[in-house]
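Note sheet for the following structure.
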There are 6 protein chains.
Amino acid sequence: MTQNYVRADGRAIDQLREVKITRGWSEHAEGSTLIEFGNTRVLCTASFESDVPRWLRGNGTGWVTAEYAMLPRATNTRNSRESVKGKIGGRTHEISRLIGRSLRAVVDTKALGENMITLDCDVLQADGGTRTAAITGAFVALVDAVEWARGEGHISKKAEILTDSVAAISVGVLPDGTAVLDLPYGEDATAGTDMNVVVTGSGDFVEVQGTAEGVPFSRDQLNELLDLAVIGTGQLAEIQREALSK
Amino acid sequence: MTQNYVRADGRAIDQLREVKITRGWSEHAEGSTLIEFGNTRVLCTASFESDVPRWLRGNGTGWVTAEYAMLPRATNTRNSRESVKGKIGGRTHEISRLIGRSLRAVVDTKALGENMITLDCDVLQADGGTRTAAITGAFVALVDAVEWARGEGHISKKAEILTDSVAAISVGVLPDGTAVLDLPYGEDATAGTDMNVVVTGSGDFVEVQGTAEGVPFSRDQLNELLDLAVIGTGQLAEIQREALSK
Amino acid sequence: MTQNYVRADGRAIDQLREVKITRGWSEHAEGSTLIEFGNTRVLCTASFESDVPRWLRGNGTGWVTAEYAMLPRATNTRNSRESVKGKIGGRTHEISRLIGRSLRAVVDTKALGENMITLDCDVLQADGGTRTAAITGAFVALVDAVEWARGEGHISKKAEILTDSVAAISVGVLPDGTAVLDLPYGEDATAGTDMNVVVTGSGDFVEVQGTAEGVPFSRDQLNELLDLAVIGTGQLAEIQREALSK
Amino acid sequence: MTQNYVRADGRAIDQLREVKITRGWSEHAEGSTLIEFGNTRVLCTASFESDVPRWLRGNGTGWVTAEYAMLPRATNTRNSRESVKGKIGGRTHEISRLIGRSLRAVVDTKALGENMITLDCDVLQADGGTRTAAITGAFVALVDAVEWARGEGHISKKAEILTDSVAAISVGVLPDGTAVLDLPYGEDATAGTDMNVVVTGSGDFVEVQGTAEGVPFSRDQLNELLDLAVIGTGQLAEIQREALSK
Amino acid sequence: MTQNYVRADGRAIDQLREVKITRGWSEHAEGSTLIEFGNTRVLCTASFESDVPRWLRGNGTGWVTAEYAMLPRATNTRNSRESVKGKIGGRTHEISRLIGRSLRAVVDTKALGENMITLDCDVLQADGGTRTAAITGAFVALVDAVEWARGEGHISKKAEILTDSVAAISVGVLPDGTAVLDLPYGEDATAGTDMNVVVTGSGDFVEVQGTAEGVPFSRDQLNELLDLAVIGTGQLAEIQREALSK
Amino acid sequence: MTQNYVRADGRAIDQLREVKITRGWSEHAEGSTLIEFGNTRVLCTASFESDVPRWLRGNGTGWVTAEYAMLPRATNTRNSRESVKGKIGGRTHEISRLIGRSLRAVVDTKALGENMITLDCDVLQADGGTRTAAITGAFVALVDAVEWARGEGHISKKAEILTDSVAAISVGVLPDGTAVLDLPYGEDATAGTDMNVVVTGSGDFVEVQGTAEGVPFSRDQLNELLDLAVIGTGQLAEIQREALSK
């Protein structure tokens, strides 16, 4: 593997696709972001509620949860709606839970008090990396919802709700053995190993989910993939900071 | 009723909100439109398939159908996802069926052959009139999908699939008795009578759905509302033509 | 269009089928009606409950709601039960909502107090016009349930719960362009335009739902259909009065 | 136990309620019966189809199945619809299966050929014994559907489809230890033991389902109950014969 | 019928398969039993909860309920999971209800106080008689849960919760007319009549459920089957006593 | 961290709980294993079918899939059945998918031909590590099912279906920062980081799923955890080999 390897879309192996974050895309939500990783486009809204799920009431702690979904024609061929099928698929469940866990990792739910923030991540267009874009965009929407709640007096002025930032990226091993960062659909579909890594702004790991789709991967490959992920999430943390500074 | 009446948003009683149609918003769909009626924003995608539902097979005729849905935070307070609830609500069913019928009214399904076009209308942001925006935008996406299919050879060059254009608008009676065109959420919530009217490019009616939410309406009020609807849909037909001419 | 036009069943174009209303068909319900429009036979029961749905509690206002359903063999070929399919279809949802709205239009829910009346409209035999028969019959069952509640002391003696009567009829345009009143299944299946109109005893409109199944309809045809509907609902109001006077 | 015991409704302990069978109540079904056991009223329709469920195809044998349901206000207080709840309850399942098995016990499915008859038993009004009325009425509807199919040539002229008649009745032990026949709701609700017995025209047993709701029952009581059931089903067989002879 | 008849597995017609009861199979449940009737293997757990279903609250009485299920590969060919199908089948419902009723017949729910015991009967391996093994094993788990609750002080020391023991067995008529006790799958599949009988320790009947799968059965056959069932459940009561004495 | 650290159950930090594998626990399945990791007890059955899911037909390749579930009282407090709730939860979906992917990683589906093997992993008793026990046990059942199919001639004698063995283990970081192997429920509930690692017999990775429940973890901790996982899965591979050699 060398840095000279050229990918189908011309990127270097450790290069992110173009990332765009549009804050406040939605009029109604307390926080909202349209995030784009190349052609992947995810609308993340953060809904603040002065209540918590029943099982948490009376504990004095809050909750952050997430729901992920795809529009039926976000993908190349149309998928049936899960509402029409009457049940949520395993993949959707898995990703919703991943997003929720990832955000809670940087939230002090004690400090949040008995309030709940729901992150809805709806994929408007998919081209690989929808879950990582969702986590990265949802964090920005979450920050805005927390600030809104502070402004409205639902949260005390000084409460430190967020302990760090969080972002996510995919990494994978192409059929020829090359490890690459931020896979679009074309690369993802052929990758032998696929890994999603969630990393805090300070560089610690929140989630590492690596899967060998074909050939199992060695410890060396795992290390190579983690190196790439740390590079990518570092850049995403920077992009998040910029978006939030506007 | 006089033309001098001023509405909350400053519009005349027979004035549409600003309408924007962005064609080709989605990379993947055979036809797609992001349509905006003021703050109402609906993504309409048209998916072409060389097949028909089982009950139609072997008849030589095609089918056009629609599915309407709202993102959970398209509205002012968050709604639970129908996929999570495990069933589709009555309102969603009703609107999906309305959109499908409205479009089929201008489609020659015989000419379409055994092909199916599915219109997905997903409300990204809601501010009244989502079903009328959906019908108006879906027609444009439908035109693009038909042209795509012609280009790909799925439909013969000369087949006249579309017999007319179709657009829809809401009209209603405000509490003070004033009949108005194109109601945003604020007006819709207080309107005594609410009517959705679907009209072809040549000015004939496809659907008239009027409902007295409070006080029943007289034949005169009905006529007044129909007059406004004909004005509004006439303008929408013009806006559709412009969008399609680009 | 002339009054000499003869329909398949020998009726004039503005003539209702034979309408029969049997009050008190059910032993258990607070109000009940078996209503027949020709061969269409709908059992309407009104169930009174001294409670309201959760979202209304504490407002001091009541609620009237309806559920429509068909027995599996009410129709010419057997339909699967919605309970077996595990979900309610769009058509059922649509009609249930229509019946509920139609009845609420003549109910003063403030005067009703925190009480709820549920109208169950079960089609025992179908031959066109089931939703209009349901609305017309449900009104009679509603009156009986209100009187029952008054008798039991759940509603004060003087409260004016019902502000008017309400009835509904179908009208449509046959393939040859003739507009007709009260379509049996045979006419309904071929009608180009199909309209259901809900009208109060004083002749105002509660719902106008017109649909072009094939060719869109002109403003003139719309007017012609509304004229017929006003004639039909006027006669139904008279039949309701007679039934209630016994 | 003595024959002088007087029940709440004045009947002798071994006396049926008034039984009425109205054949051809429904216009559409191939066979139909409105059966009444006192205030219990069940509409039974038999739907004939020239096809069998997938798992039977190619065997040359037919199928008879049943579905039981109750209208929401068939009972004293309203029950939620199973279609609205999205699932069928255990009691409904149990009774549907019982009716199907009971009828199949007198059907030669080989002789029926690859045809299916579905018995829909919808309780319009309930006052105890709905399942036994359903079986008794469904048999009559079944006979009519078989004759219809013979008339239409779906079944050969000479095929002996039905090997016997079948009827059912409830028996039970009242709190004072008296065994009684054909329990209305009032008796059923307090009975210590409740038994439903399905018997052929020739007096053999198809189903015996006895349940101790409170105190377990002795072998003697069981025998007493079976004696009553044989009396009751004998009379029902006679009533069925009469109804079918008209 | 003679006692010399030899069955496929060598048993006499009135002989049980080998019955094994392993108490305390599960670490977590308040009572648990692995019961085996030959190759039929059912895990019964009893879960004690200091609460009752909503409809019972405030009555001062408790509740005992049961849920029956089969592992997908408990049978010879794999069955789809009911959780995957999204609904519980009629057979499962029927058996769950039977087990619950059978146990409640020997429980004094007043003495139990506002406590609930749930019996989960999961068939790990099926070879006929799963419902009867479930009832027989669940009784033993129930006893242990009651004793546990007494030890923990949830139930008073002297309360007599259980009024008797209860056990169940299947009996049936083989194609040659022989009545036999405790049918394994091979016999069950061919039996003309199949009966499940639930009997208390003192020999009274709780449930008698006999079904003619093919030819209806006579009163004599019914008596013969009941005789066998009384023999079998008598032996099971003895085996339960032994298991509980350890 | 030192090797002298003593855990609640007395194990060393890199020591597995006692692992027992009972092959052939089920009579009916083509392969079956009862696997125990300490008190965690999972029944794994492998069902062989000479068919593939519809979407694979005609490709000449086979499929291996898995379904994971827990008995309601496998845990310390009773969980509602997913069949009763009518839907499968996110956790169940996630684990079923993980088991399926893990096994497919060592299966040559081309060599398998158009056959399918379904692994059902039912947790009879849970004490942490149920998914890892399931993967480890399912592999053994899979081997037996493959050999069965070979014996029956469904698979050719020489086809190399399995390319390697596969086993899984959990590792985690305790609150005091100690990394440990194979966490029982007590440790799992308090662990800050929880990781499940699936490793082939040759030591390559199939899945790495690490989650920070509380504090994010560093690259060093990640490495430490991976080291432990490699030790544990190496021992499990040895235990699998032994079990299969009997």
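We name chains A, B, ... by the order of the sequence lines, and we start the count at 1 in each one.
A 6.0 Å sphere centred on CZ of A:R54 holds no more than 12 heavy atoms belonging to other residues, nucleotides or ligands.
Chosen from A:A105, A:G203, A:G89, the residue pairing most often with chain F at heavy-atom distances under 4.5 Å is A:G89. Listed options A:V215, A:L98, A:T211 were ranked by heavy-atom pairs under 4.5 angstrom with chain F; first place goes to A:T211. Note: F:D204 leads F:V106, F:L222, F:D204 in heavy-atom pairs under 4.5 Å with chain A. For the options F:Q221, F:R219, F:K87, heavy-atom pairs under 4.5 Å to chain A are most numerous at F:R219. Per-residue counts of heavy-atom pairs under 4.5 Å with chain A were compared for F:A212, F:G90, F:S96; the largest is that of F:G90.
Interface residue F:N223: backbone and side-chain heavy atoms are both found under 4.5 Å from chain A. Of the atoms belonging to F:T200, it is side-chain heavy atoms, and not backbone ones, that fall under 4.5 Å from chain A. With a threshold of 4.5 angstrom between heavy atoms, A:D108 does not approach chain F through any atom at all. Looking at A:R104, neither its backbone nor its side chain comes within 4.5 Å of chain F, counting heavy atoms on both sides. For F:D220, no part sits under 4.5 Å from any heavy atom of chain A, backbone or side chain. Only the backbone of F:I88 has a heavy atom closer than 4.5 Å to any heavy atom of chain A.
Between A:R97 and F:E94 the shortest heavy-atom distance is NE-OE1, 2.6 Å.
The shortest distance between side-chain heavy atoms of A:F217 and F:V208 falls below 4.5 Å.
Here A:E207 contributes atom CD and F:Q209 contributes atom CD; the two are 8.0 Å apart, rounded to the nearest 0.5 Å.
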